[in-house]
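Notes to accompany the following structure.
All figures in this text were calculated on a predicted structure; none of them were measured in a lab.
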Amino acid sequence: MPPRAYWKGTLKLSLVSCPVVLYPATTAAEKTRFHMINRETGNRLKQQMVDSETGDVVESDQKGRGYELRKGKYVEIEPEELEAVQIESNHTIDIESFVPSDEIDQRYLDHPYYIAPDGKAAIDAFAVIRDAMKDQERVALAKIVLTNREHVMAIEPLGKGLLGTTLRYPYELRDEDQFFDDIKSPKITRDMVELAGHILHTKAAHFDPSKFKDQYETALKALVKRKASGKTIELPEPEERPSNVVSLMDALKQSLRGRGGGRPSAKSHGRRTTGRGRAAKKVHRSTARQRKAG
């Protein structure tokens with residue numbers, strides 16, 4: 001039985017529409033969380049809003065929202081003024097276009113949701129939209145209103161249903177140039193690149209999230225269980241940091257030895273030997289044998 005739907009509405013593609021429901025695709029319910037408590041009483045603490053200048057506790061009926069115009073200067077925005085600019089949801093996911101999936105910059109991906117048909121009557125139309133998207137191998141871009149804000153949502157087939165991921169707006173992304181402009185372009189030898197490429201080759205794998213292990217979360221659960229049972233918690237000895245490697249080339253070579261790999265061969269990481277090249281090698285070997293026999 002799926003959890004309660006986060007959102008209900010209609011998925012619309014031109015004149016074709018069907019009732020759908022949205023479920024959050026992620027959850028933090030399993031993460032270990034801590035509460036602030038009073039050490040003396042063991043009771044949980046609650047937070048209070050305090051005036052930053054006077055230090056007085058502010059009651060709920062005195063709280064308001066303000067936008068900071070400049071340091072310490074705010075313009076107060078009333079609740080009814082916010083309502084004037086809020087977008088009223090029409091409970092529709094309106095597909096506007098379809099784009100190739102590889103054109104979507106991964107930085108824009110925000111929150112994922114599962115989209116499922118709402119009721120048996122919606123299954124046929126839902127399946128038509130889903131299967132048409134599978135055939136086209138494109139991602140739908142649609143508009144949806146969630147929590148009084150309009151979002152762009154990327155929708156793609158996922159198993160029997162659809163995956164809808166809200167996208168960030170351009171103003172929410174930082175320009176990479178301000179972080180990358182100062183990165184120098186040193187001269188790297190071809191040998192170093194080939195060695196690094198061979199290390200990458202030895203670590204090649206397929207994406208398998210079942211292998212992801214949250215070691216910190218596991219350690220937290222063990223710590224809480226041990227402490228709750230009355231056992232003491234022993235601090236681990238600090239690990240010694242490895243000494244700095246003399247050079248980048250040494251580090252690459254040591255990495256290869258650690259992985260049990262040898263130096264990459266020209267056959268595996270260089271250009272492939274052509275048929276003409278292979279024939280030339282055979283002639284060379286045959287001539288060499290004749291000379292040796294003579």
Side-chain angles (χ1 to χ4, degrees), residues 1-31 33 82-83 85-176 200 203-214 217:
M1 184 93 181
R4 184 178 179 182
Y6 173 75
W7 182 94
K8 287 189 176 187
T10 303
L11 176 63
K12 186 177 180 183
L13 172 60
S14 189
L15 298 179
V16 179
S17 62
C18 66
V20 294
V21 288
L22 258 65
Y23 303 100
T26 61
T27 177
E30 298 301 318
K31 281 189 174 289
R33 296 182 179 276
L82 279 177
E83 292 176 4
V85 297
Q86 285 178 353
I87 299 175
E88 185 176 352
S89 175
N90 58 5
H91 290 276
T92 300
I93 304 175
D94 199 355
I95 297 177
E96 297 187 335
S97 61
F98 292 87
V99 300
S101 59
D102 57 2
E103 289 186 2
I104 299 179
D105 189 328
Q106 299 295 299
R107 294 173 296 175
Y108 282 88
L109 301 179
D110 197 5
H111 296 296
Y113 296 89
Y114 295 136
I115 304 176
D118 188 13
K120 294 181 178 179
I123 293 178
D124 287 350
F126 183 87
V128 167
I129 296 173
R130 179 199 62 205
D131 293 350
M133 291 176 62
K134 285 182 180 179
D135 289 344
Q136 294 294 322
E137 295 183 349
R138 286 186 170 236
V139 175
L141 295 183
K143 286 189 175 181
I144 181 174
V145 176
L146 298 172
T147 60
N148 299 320
R149 280 184 175 268
E150 187 175 59
H151 299 267
V152 177
M153 177 174 279
I155 304 172
E156 56 189 315
L158 180 66
K160 295 181 180 180
L162 295 171
L163 176 67
T165 306
T166 55
L167 303 179
R168 297 182 176 93
Y169 288 102
Y171 69 81
E172 296 180 273
L173 292 185
R174 292 176 173 175
D175 185 0
E176 72 271 16
L200 267 62
K203 290 178 174 287
H206 292 285
F207 181 73
D208 184 4
S210 67
K211 293 182 178 180
F212 297 172
K213 305 299 179 185
D214 191 342
E217 179 67 20

> Which residue pairs pass the ring pair (Phe, Tyr, Trp, His ring centres under 6.0 Å) test when at least one of the two sits in residues 134-169, sequence neighbours left out?
Replying inline: Y169-Y171
If you look at every heavy atom in [X] and [Y], which pair is closest and at what distance?
{"X": "L162", "Y": "P157", "answer": "CD2-CA, 3.7 Å"}
{"X": "Y23", "Y": "A5", "answer": "CE2-CA, 3.6 Å"}
{"X": "P112", "Y": "T26", "answer": "CG-CG2, 3.7 Å"}

> Can you list every pair that meets side-chain hydrogen bond (donor to acceptor under 3.5 Å, both in side chains) and has a residue in residues 103-117, with sequence neighbours left out?
Replying inline: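 For residues 103-117, and leaving out neighbouring residues, the side-chain hydrogen bond (donor to acceptor under 3.5 Å, both in side chains) pairs sorted by first residue read D105-R107, R107-E176.
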>> Tell me if the CD atom of E30 is crowded by more than 12 foreign heavy atoms within 6.0 Å.
In response: no
What pairs of donor and acceptor atoms, side-chain ones from residues 120-145 against any protein atom, are under 3.5 angstrom apart with sequence neighbours left out?
from	atom 1	to	atom 2	distance (Å)
R130	NH1	K160	O	2.6
K134	NZ	G159	O	3.4
R138	NH1	F98	O	3.1

Distance in Å, [X] [atom1] paired with [Y] [atom2], rounded so as to fall on 0.5 Å steps:
{"X": "L167", "Y": "L109", "atom1": "CG", "atom2": "CG", "answer": "6.0 Å"}
{"X": "I93", "Y": "T10", "atom1": "CD1", "atom2": "OG1", "answer": "8.5 Å"}
{"X": "L11", "Y": "I115", "atom1": "CG", "atom2": "CD1", "answer": "6.5 Å"}
{"X": "T166", "Y": "L146", "atom1": "OG1", "atom2": "CG", "answer": "7.5 Å"}
{"X": "Y6", "Y": "T147", "atom1": "OH", "atom2": "OG1", "answer": "5.0 Å"}

> E150: what forms a side chain to side chain donor-acceptor pair (under 3.5 Å) with it, not counting sequence neighbours?
Replying inline: none
> Excluding sequence neighbours, so at least two apart, what forms side chain to side chain donor-acceptor pair (under 3.5 Å) with S210?
Replying inline: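 Side chain to side chain donor-acceptor pair (under 3.5 Å) check on S210 returns D208.
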>> Test side-chain contact (heavy atoms from CB on, under 4.5 Å) on M153 and L22; report intermediate values, then the result.
In response: CA-CA 12 Å; M153 177 174 279; L22 258 65; 4.0 Å; yes
>> For R33, give me all partners under side chain to side chain contact (heavy atoms under 4.5 Å, CB included), at least two apart in sequence or on another chain.
In response: A28
Residues which pass salt bridge (charged side-chain N to carboxylate O under 4.0 Å, His left out) with [X], listed by chain and number, not counting sequence neighbours:
{"X": "D94", "value": "none"}
{"X": "E96", "value": "none"}
{"X": "K211", "value": "none"}

> Checking side-chain contact (heavy atoms from CB on, under 4.5 Å) for the pair L82/N148: CA distance, chi angles, key distance, verdict?
Replying inline: CA-CA 10 Å; L82 279 177; N148 299 320; over 6 Å; no
